[in-house]
Amino acid sequence: VTLNVNGKDHSLELEPRAPDRDTVHFEMGNLLGELGRFEEAADEYRRAIEISPDYAVAWLNLSRALADQNRFPEAIDAVGRALTIHPDWGDAVQQLSRIHKQFGSALASGGELEAAGEQFRRSVELTPDSSSSCYLLAKALAQTGNANEAVEYYSRAIAGRRAFPEAHYELGILLLD
């Protein structure tokens, strides 16, 4: 594997018989991700997973690399695999919630407000105390004409983070209508 760091190529030979080969691929994925080379990072995480299918943190990091490429359904599947291995893993639940928020934001940017709302709702279901998830869901609900439910989620966003001027403003505008 060759990496270009600051204009200089660095080669790393992967020994096929190395006992920790899965961790070598995992660490390569981490390094590539840090360099913003998400597609290559995802490939390295997949190689680690091929060697050790129950490598939950590799599944989690694969989901991050995929989400960074806006490949949200694949990212959701990858983090789901991590949760299958460790069902109560808080980091994986948080990651899944973040991916649903990112997916929802991408859909909202494309004008797909109903679909965006569903992604934000999934984020809220996973992390009910997340003010940002509640705010994004409220905004999508308001934009699709669900004012009463939007008020509920704006209120939840504000309850979780009092200093949330955007939520206060959007709630005020909604109540004025």
Donor-acceptor under 3.5 Å (Thr23 side chain, Phe26 main chain): no
Salt-bridge contact Arg122-Glu125 (side-chain N to carboxylate O under 4.0 Å): no
Nearest heavy-atom neighbours spanning Ala75 and Ala67: CB-N, 3.7 Å
Quick one: CZ on Arg161 to CG on Asp129, what's the gap to the nearest 0.5 Å? 13.5 Å
Examine distances only and state if a side-chain atom of Trp59 and a backbone atom of Pro53 form a donor-acceptor pair shorter than 3.5 Å. yes
Contact summary for Leu60 and Trp89, nearest pair of heavy atoms: CD2-CH2, 3.6 Å
Looking only at atom types and distance, does a side-chain atom of Ser131 sit under 3.5 Å from a main-chain N or O of Ala157, one as donor and one as acceptor? yes
For Leu136 and Ser105, the nearest pair of non-hydrogen atoms, with its separation, is CD1-OG, 4.4 Å
In short, Ala92 meets Val79 closest at the heavy-atom pair O-CG2, 3.5 Å
Let me check something: any side-chain donor-acceptor pairs from residues 168-177 under 3.5 Å, sequence neighbours excluded? List them with distances.
{"unit_1": "His168", "atom_1": "NE2", "unit_2": "Arg162", "atom_2": "O", "d": "2.9"}

Taking all non-hydrogen atoms of both residues, which atom of Ala142 and which atom of Tyr154 are closest, and how far apart? CB-OH, 4.2 Å
Just by distance, do the side chain of Ser123 and the backbone of Gln119 share a donor-acceptor pair under 3.5 Å? no
Could you check Ser63 against Arg81 for side chain to side chain contact (heavy atoms under 4.5 Å, CB included), going step by step and ending with a plain yes or no? CA-CA 10 Å; Ser63 75; Arg81 293 291 299 267; over 6 Å; no
For residues Ser130 and Gln94, determine if any side-chain heavy atom of one lies less than 4.5 Å from a side-chain heavy atom of the other. no
Quick one: closest heavy-atom pair of Tyr153 and Ala138, and the distance? CB-CB, 3.6 Å
Starting at CZ of Arg46, measure out to NE2 of His25 and round the result to the nearest 0.5 Å. 13.5 Å
Counting neighbours of CD on Glu39 that are heavy atoms of other residues, nucleotides or ligands and sit closer than 6.0 Å, is the number greater than 12? no
Side-chain heavy atoms nearer than 4.5 Å, only ILVMFWY residues, links allowed to pass through others: does that put Ile158 and Leu137 together? yes
In the structure I gave you, are the side-chain heavy atoms of Asn30 and Tyr45 within less than 4.5 Å of one another anywhere? yes
Would you call the rings of Phe164 and Tyr135 parallel, tilted or perpendicular if under 30° counts as parallel and over 60° as perpendicular? tilted
Those residues that, when tested against Glu118, pass side-chain contact (heavy atoms from CB on, under 4.5 Å) (two or more places apart): Arg121
Look at the side-chain heavy atoms of Ile, Leu, Val, Met, Phe, Trp and Tyr, link any pair under 4.5 Å apart, and say whether Val57 and Leu66 land in one connected group. yes
Hey, quick one: are Tyr55 and Ile51 part of the same hydrophobic cluster, counting side-chain heavy atoms closer than 4.5 Å, chains of contacts allowed? no
Is Thr144 reaching over with its side chain to a backbone N or O of Ala140, donor-acceptor style, under 3.5 angstrom? yes
Spatial distance of atom CG (Leu96) from atom CG (Leu126) [nearest 0.5 Å]: 4.5 Å
Output yes when a side-chain donor or acceptor of Arg156 lies under 3.5 Å from a complementary backbone atom of Pro128, and no otherwise. yes
If you apply the rule salt bridge (charged side-chain N to carboxylate O under 4.0 Å, His left out), what do you find for Arg47 with Glu44, and how did you get there? CA-CA 5 Å; Arg47 287 183 185 108; Glu44 290 298 329; 2.9 Å; yes
With hydrophobic residues grouped by side-chain heavy-atom distances under 4.5 Å, do Phe38 and Met28 end up in a single group? no
To the closest 0.5 Å, what do you measure between CD (Gln69) and CZ (Arg64)? 15.0 Å
Any link between Val93 and Leu62 through a network of hydrophobic side chains (Ile, Leu, Val, Met, Phe, Trp, Tyr) touching at under 4.5 Å? yes
Donor-acceptor contact below 3.5 Å, side chain Ser52 vs main chain Ile49: no
Could you go step by step and tell me if Gln102 and Phe72 meet the side chain to side chain contact (heavy atoms under 4.5 Å, CB included) rule? CA-CA 8 Å; Gln102 289 175 295; Phe72 301 113; 3.5 Å; yes
When rounded to the nearest 0.5 Å, the distance separating CD of Glu40 from CG of Leu31 is 10.5 Å
